[in-house]
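Since the structure is predicted, the reported quantities are computational estimates derived from the model, not experimental observations. Heavy-atom basis, side chains included; hydrogens, waters and symmetry copies ignored.
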Amino acid sequence: MDALTLIRETFAPLPGKRLLDIGCGPGTLAKRLVADGAAVTGIDPGAAALETARAAVPGARFEAASAEALPFPVAHFDGAVMFNALHHVPDPAAALAEAARVLVPGGLLVVVEPLAEGSFFDALRPIEDETAVRAAAQDAIAAALDAGALLCRQDVTVMRRESFVSLDAFLARVSAVDAARLATIEARRPVVEAAFHEAAEREADGRYALVQPLRIQVLQPA
């Protein structure tokens, strides 16, 4: 099972379901959910990402906002998703509380987070070491569960495997997420290249494969 399949199953049936995509980026997830019939609203603090999302998914609504201060009333959505987003939030605990606030009673929040392990993480680490922020995201979820603010309905870890034709293809992929990484890549190119080749598995067709463990938690406000 992959993350998208689990998200679809969690919110099924999707037609008419009001879903909030927190940290929507360029609208990749929103596009898939809209195609399945969901009424999707995406929020992101990045103007460029929102511009791309609006062009790519005209059937969704997108607003500029931070995860810690959602511009929506209480009980406004049937469900919410944070896909590879929580570790980018300065205050993940506040983001979880805000997501819970805007859900209807019984609504679910799906949090998909990369763990600080795996060959993809090892290849990325010289460019941006996310060890601390990924741990902070997991700690925030654990604290909310321990406090009884959230209940965990499902907790699985899946392995996302990506393959790249070359080092440059990998660098294009990770810099598309954050253009600020380009300066680090240029400054540390030999170290970045060495880490990539050490971490990657060479496939039969000559491509390079990297694996990233993703922890997926389906959470319900208590």
For residues 77-95, which residue pairs qualify under salt bridge (charged side-chain N to carboxylate O under 4.0 Å, His left out), counting only residues two or more places apart or in two chains?
Arg18-Asp78

Out of Leu167, Leu124, Leu171, which residue meets the side-chain contact (heavy atoms from CB on, under 4.5 Å) rule with Phe196?
Leu167

Single-linkage hydrophobic cluster, 4.5 Å side-chain cutoff, Leu115 and Met82 together:
no

Do Leu103 and Leu109 come within less than 4.5 Å of each other through their side chains, counting heavy atoms only?
yes

Nearest heavy-atom contact between Thr157 and Pro213 is CG2-CB, 4.1 Å

If you round to the nearest 0.5 Å, how far is SG of Cys152 from CG of Leu219?
5.5 Å

Common cluster, Phe62/Val34, ILVMFWY with side-chain heavy-atom separation under 4.5 Å
yes

Centres of the Tyr208 and Phe170 rings: under 6.0 Å?
no

Out of curiosity, Leu150 CG to Ile141 CD1, how far, rounded to the nearest 0.5 Å?
8.5 Å

With Phe83, which residues qualify under ring-ring contact (aromatic ring centres under 6.0 Å, His included), at least two apart?
none

Who are the side chain to side chain donor-acceptor pair (under 3.5 Å) partners of Arg61, not counting sequence neighbours?
Glu63

Hydrophobic cluster identity match, Leu6 and Ile22, side-chain contacts under 4.5 Å
no

Taking the side chain as every heavy atom from C-beta outward, state whether Gln154 and Val156 have any pair of such atoms under 4.5 Å apart.
yes

Where Ile43 and Ala65 come nearest, the two heavy atoms and their spacing:
CD1-O, 3.6 Å

CG of Asp205 to OG of Ser163, rounded to nearest 0.5 Å, is 7.0 Å

Do any N or O atoms from the side chain of Gln212 and from the backbone of Pro114 form a donor-acceptor pair under 3.5 angstrom?
no

Has Glu51 got more than 12 heavy atoms of other residues, nucleotides or ligands less than 6.0 Å from its CD?
no

For Pro126 and Thr184, which heavy atoms make the closest approach, and how far apart are they?
O-CG2, 3.8 Å

Just grab all the salt bridge (charged side-chain N to carboxylate O under 4.0 Å, His left out) pairs involving residues 153-164, residues at least two apart or on different chains.
Asp155-Arg215, Arg160-Glu162, Arg161-Glu201, Arg161-Glu203, Glu162-Arg173

Can you name the residues that form a salt bridge (charged side-chain N to carboxylate O under 4.0 Å, His left out) with Asp36, not counting sequence neighbours?
Arg8

Counting C-beta onward and ignoring hydrogens, is there a side-chain heavy-atom pair between Leu20 and Leu70 closer than 4.5 Å?
yes

Write down the atom of Ala55, the atom of Pro58, and the distance for their closest heavy-atom approach.
O-CD, 3.9 Å

Name of the residue among Leu108, Asp2, Ile216, Leu29 meeting side-chain contact (heavy atoms from CB on, under 4.5 Å) with Ile7:
Leu29

In terms of side-chain geometry, is the basic nitrogen of Arg181 or Glu130 positioned less than 4.0 Å from the acidic oxygen of its partner?
yes

Identify the heavy atoms of Val57 and Lys31 that sit nearest to each other, and give their distance.
CG2-CB, 3.7 Å

Go through it in stages, so that I can follow the logic: the residues are Val81 and Val111, the test is side-chain contact (heavy atoms from CB on, under 4.5 Å), and I'd like the CA-CA distance, side-chain angles, deciding distance and then a yes or no.
CA-CA 6 Å; Val81 183; Val111 179; over 6 Å; no

Below 4.5 Å, heavy atoms only, C-beta onward: do Glu128 and Val174 meet side chain to side chain?
no

Is the backbone of Val192 close enough, under 3.5 Å, to the side chain of Arg188 for a donor and an acceptor to pair up by distance?
no

Just wondering, do Val40 and Cys24 contact through their side chains at under 4.5 Å, heavy atoms?
no

Side-chain heavy-atom pair Thr41, Phe77 within 4.5 angstrom cut-off:
yes

Test of understanding: clusters of I, L, V, M, F, W, Y form through side-chain heavy atoms closer than 4.5 Å, transitively. Do Val177 and Phe120 belong to the same one?
no

Who are the ring-ring contact (aromatic ring centres under 6.0 Å, His included) partners of Phe11, not counting sequence neighbours?
none

Contact between Gln217 and Val110 at the side-chain level, heavy atoms closer than 4.5 Å - yes or no?
no

Could you see if Leu214 belongs to whatever hydrophobic cluster contains Leu4? Use Ile, Leu, Val, Met, Phe, Trp, Tyr and a side-chain cutoff under 4.5 Å.
yes

Taking only Lys NZ, Arg NE, NH1 and NH2, and the carboxylate oxygens of Asp or Glu, determine whether Asp168 and Arg189 approach each other closer than 4.0 Å.
yes

Min side-chain heavy-atom separation Val158-Val112 under 4.5 Å:
no

Residues Ser119, Asp122; criterion side-chain hydrogen bond (donor to acceptor under 3.5 Å, both in side chains); working and verdict
CA-CA 5 Å; Ser119 56; Asp122 291 338; over 6 Å; no

Looking at every heavy atom in both Pro221 and Gly107, which two are closest together, and how far apart are they?
CD-O, 3.3 Å

